[in-house]
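Proteins get letters first, then strands, A, B, ... in listed order; numbering begins at 1 in each.
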Amino acid sequence: MENVFYTLKERGFVQQITHDEPLIRLLGEEKVTAYVGFDPTGDSLHVGHMLPIMALAHLQQAGHRPIAIVGGGTGMIGDPSGRTEMRQVLTRELIKHNIQGIKAQLAKFLDFSDDKAILLDNADWILPLNYIEFLREVGSQFSVNRMLTAECFKTRMERGLSFIEFNYMLLQAYDYLVLYRKYGCRLEMGGDDQWSNILAGADLVRRLEGEEAYGLTFPLLTTAGGKKMGKTEAGAVWLDPDKTSPYDFYQFWRNTHDADVERFLYLYTFLPVEEVKRLGSLKDNKINEAKKVLAFEVTKLVHGEEEAIKAKEASEALFGGANADESAAPSTEVQGNTIEEGINITELLLLTGLVSSKSEGRRLIKQGGIYLNGDRVDDEELIIGSEYIDDGKIVLRKGKKVFHNVYVK
RNA sequence: GGAGAGAUACCCAAGUGGCCAAAGGGGGCAGACUGUAAAUCUGCUGGCGAUGCCUUCGAAGGUUCAAAUCCUUCUCUCUCCA
């Protein structure tokens with residue numbers, strides 16, 4: 001099998017590595033145990049977490065053993081990296097709850113059977129730590145002078161950094177040490193903002209165990225539009241179907257900027273390199289084909305083939321203008337008599353969540369941004385009665401892309 | 001602990017008694033153009049029973065016919081000193 005390092009490199013996963021030659025050799029010669037940590041700051045992962053997950057999946061496919069760490073212990077501290085302000089300190093209960101959600105989602109990407117991949121909560125070894133023992137074993141290995149020069153603390157030096165956060169680096173480094181001792185873990189990966197933390201861990205393993213440990217970071221992705229990957233105006237794009245519907249998830253990928261399509265196909269799908277190259281080279285409106293493939297593949301990965309097909313069909317039906325089944329679009333159910341009595345268009349918009357206030361609804365109508373069953377609405381006082389019900393539902397549209405079905409019970 | 005500076009809408013940032021629901025920029029939303037893209041141009045961007053009313057300029061009080069603007073207390077942040 002080809003060395004997985006080259007796969008990762010070719011697909012754009014590699015930003016920095018601690019030692020290139022020895023790491024490549026290691027990955028080519030033996031089964032390597034590698035880990036990535038996830039912050040339990042929410043009960044679902046989002047698109048931003050997919051990069052490390054995909055990397056772990058590639059490693060597993062190449063026969064290596066991934067470890068996913070959920071930071072139940074470090075979550076009690078909060079990583080200051082990349083933050084301008086202190087993180088909110090999470091409660092133990094909340095973290096436990098979040099870990100449950102994250103575990104379930106990771107299982108979609110990694111095979112945890114027979115210890116082919118391992119999921120751990122670092123609370124197991126961090127919470128029982130004895131302060132003095134920890135300081136003597138781990139703390140003594142760190143130079144404050146050096147820590148202060150680390151990039152991750154620089155921004156915080158200006159805005160203030162509390163002692164609890166300053167300790168975060170030691171704890172993450174300790175994770176690596178524990179994993180090395182228990183599982184022989186030799187590689188830690190993470191976002192490029194984790195570089196300092198990863199180096200600290202690799203250093204610690206080398207100092208205390210005399211063994212070379214490696215680190216690799218992923219690029220921090222921004223879209224061609226300059227936004228943080230996985231964030232939209234509406235917030236993060238979640239992997240949890242209750243937070244982001246498969247249809248919206250599909251649409252998120254379908255709306256990828258032209259310039260990002262190839263890069264994303266490499267990173268977020270398992271399509272072979274030749275196929276990605278072919279799709280990525282499509283020009284002008286042909287590239288829409290590539291976007292469809294991207295959207296379908298990623299949706300399939302996260303929500304399964306059935307949901308992916310539904311999302312794709314719904315999308316094509318809605319944008320194709322056909323009257324096909326658009327059931328995958330977000331929907332709201334209303335009581336039949338609400339419509340029979342007649343409801344103001346702005347009330348209905350508010351009800352569906354398409355707008356957050358009636359004023360916003362009126363504004364949109366005034367600007368010609370609201371469509372009812374395909375026709376533009378120009379009267380903001382329009383009363384919607386049963387004559388608008390078509391096939392048991394009313395189709396609302398905001399702008400060009402946001403569809404919403406209103407089902408009448 | 002001492003001295004100073006500051007806190008304005010989603011973000012940055014003007015405003016220092018009425019003309020302020022609050023300039024400007026960013027972001028966002030919509031329209032035009034398109035390929036469900038980008039770029040560009042245009043409009044909008046606190047709420048409501050709407051030519052009026054209500055809430056909003058860190059919090060709570062006070063002065064005034066009138067406060068984001070003045071006074072008092074409090075909370076938080078930053079800078080310098082120890």
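- At whole-Å resolution of the value, CG in Leu350(A) and C1' in G49(B) are 15 Å apart.
- For Lys292(A) against U36(B), no side-chain N or O and base N or O form a donor-acceptor pair under 3.5 Å.
- Remark: the separation of the C1' atoms in A22(B) and C57(B) is 8 Å, to the nearest Å.
- At least one side-chain heavy atom of Trp125(A) sits less than 4.5 Å from a side-chain heavy atom of Tyr174(A).
- Within the nucleic acid shown, Phe403(A) has no heavy atom closer than 4.0 Å to any nucleic acid atom.
- Atom NZ of Lys401(A) and atom P of G31(B) are 11 Å apart (whole Å).
- Here U45(B) sits opposite G27(B) as a Watson-Crick or G-U wobble pair (both hydrogen-bonding atom distances under 3.5 Å).
- For Arg397(A), no side-chain nitrogen or oxygen approaches OP1 or OP2 of U36(B) to under 4.0 Å.
- Side-chain N/O atoms of His257(A) include one lying less than 4.0 angstrom from OP1 or OP2 on A38(B).
- In the set G47(B), G35(B), A37(B), the nucleotide with an atom closest to the side chain of Ile287(A) is G35(B).
- If you check C80(B) for Watson-Crick or wobble pairing at under 3.5 angstrom, you find it paired to G2(B).
- Looking at Gln194(A) and Thr217(A), their side chains never bring a donor and an acceptor atom within 3.5 Å of each other.
- Here the P atom of nucleotide G31(B) and the CD1 atom of Ile365(A) are 13 Å apart, to the nearest Å.
- With respect to Asp175(A), the side chain to side chain donor-acceptor pair (under 3.5 Å) criterion is satisfied by exactly one of Asn197(A), Asn122(A), Thr74(A): Asn122(A).
- Atom CG in Leu318(A) sits roughly 17 Å away from atom C1' in G35(B) (whole-Å rounding).
- The nucleotide G18(B) finds its pairing partner in C65(B), both defining distances of the Watson-Crick or G-U wobble pair being shorter than 3.5 Å.
- Projected onto RNA chain B by closest heavy-atom contact, Ile370(A) and Glu347(A) fall at different nucleotides, the more 5' of which corresponds to Ile370(A).
- A salt bridge is defined here as a Lys NZ or Arg NE, NH1 or NH2 lying under 4.0 Å from an Asp or Glu carboxylate O, and Lys96(A) with Asp121(A) fails to meet this definition.
- The shortest distance between the side-chain N/O atoms of Tyr371(A) and the OP1/OP2 oxygens of A30(B) is not below 4.0 Å.
- When the P atom is used for both U8(B) and A14(B), the distance is 11 Å, rounded to whole Å.
- One interatomic measurement links the two molecules: CG of Asn285(A) to P of U36(B), which rounds to 8 Å at whole-angstrom precision.
- Between Glu275(A) and Arg278(A) there is a salt bridge, since a side-chain N of the basic residue sits under 4.0 Å from a carboxylate O of the acidic one.
- For G47(B), the OP1/OP2 oxygens have a side-chain nitrogen or oxygen of Arg363(A) closer than 4.0 Å.
- Atom C1' of U72(B) sits at a distance of 11 Å from the matching atom of U63(B), rounded to the whole Å.
- When each of Lys398(A) and Lys358(A) is assigned the nucleotide of RNA chain B bearing its nearest heavy atom, the one mapping closer to the 5' terminus is Lys398(A).
- No N or O donor and acceptor, one from the side chain of Gln367(A) and one from the base of G31(B), sit under 3.5 Å apart.
- The same atom, P, is picked in G4(B) and in U42(B); the two are 49 Å apart, to the nearest Å.
- In summary, Glu297(A) and Lys291(A) do not engage in a salt bridge, as defined by a charged side-chain N under 4.0 Å from a carboxylate O.
- Nearest nucleotide to the side chain of Arg254(A), out of C33(B), U36(B), A37(B): U36(B).
- Among the protein residues, Lys291(A) comes within range of the nucleic acid bases, having at least one heavy atom under 4.0 Å from a base atom.
- Straight-line distance between the C1' atoms of G24(B) and A38(B): roughly 27 Å, to the nearest whole Å.
- Pairing of U36(B), defined by two Watson-Crick or G-U wobble distances under 3.5 Å, is not identified with any nucleotide.
- Checked against a 6.0 Å centroid threshold, the rings of Tyr250(A) and Phe296(A) do not count as neighbours.
- Between Asn288(A) atom CG and G35(B) atom P there is a gap of 9 Å when expressed in whole angstrom units.
- Of the side-chain N and O atoms in Ser357(A), none sit less than 4.0 angstrom from OP1 or OP2 of G46(B).
- Here U36(B) presents its P atom at 11 Å from CG of Asp258(A), a figure rounded to the nearest Å.
- Put simply, Lys283(A) has no side-chain N or O that comes within less than 4.0 Å of OP1 or OP2 on G35(B).
- Listed nucleotides C48(B), G35(B), G31(B) differ in distance to Ser359(A); the shortest reach to its side chain belongs to C48(B).
- Ring to ring, Tyr176(A) and Tyr35(A) are close: their centroids are under 6.0 angstrom apart.
- Side chain of Asn255(A), nearest nucleotide from A30(B), U36(B), G35(B): U36(B).
- Of the listed nucleotides (A30(B), G35(B), G31(B)), A30(B) has the atom at the smallest distance from the side chain of Val402(A).
- Remark: U75(B) base-pairs with A7(B). Criterion, Watson-Crick or G-U wobble with two distances under 3.5 Å.
- Per the geometry, CG belonging to Leu294(A) stands 17 Å off P belonging to U36(B), to the nearest Å.
- Rounded to whole Å, the P atom of G31(B) lies 46 Å from the corresponding atom of U79(B).
- C29(B) and C20(B): their P atoms are spaced 30 Å apart (whole Å).
- Across G17(B) and A68(B), the matching P atoms stand 13 Å from one another, rounded to whole Å.
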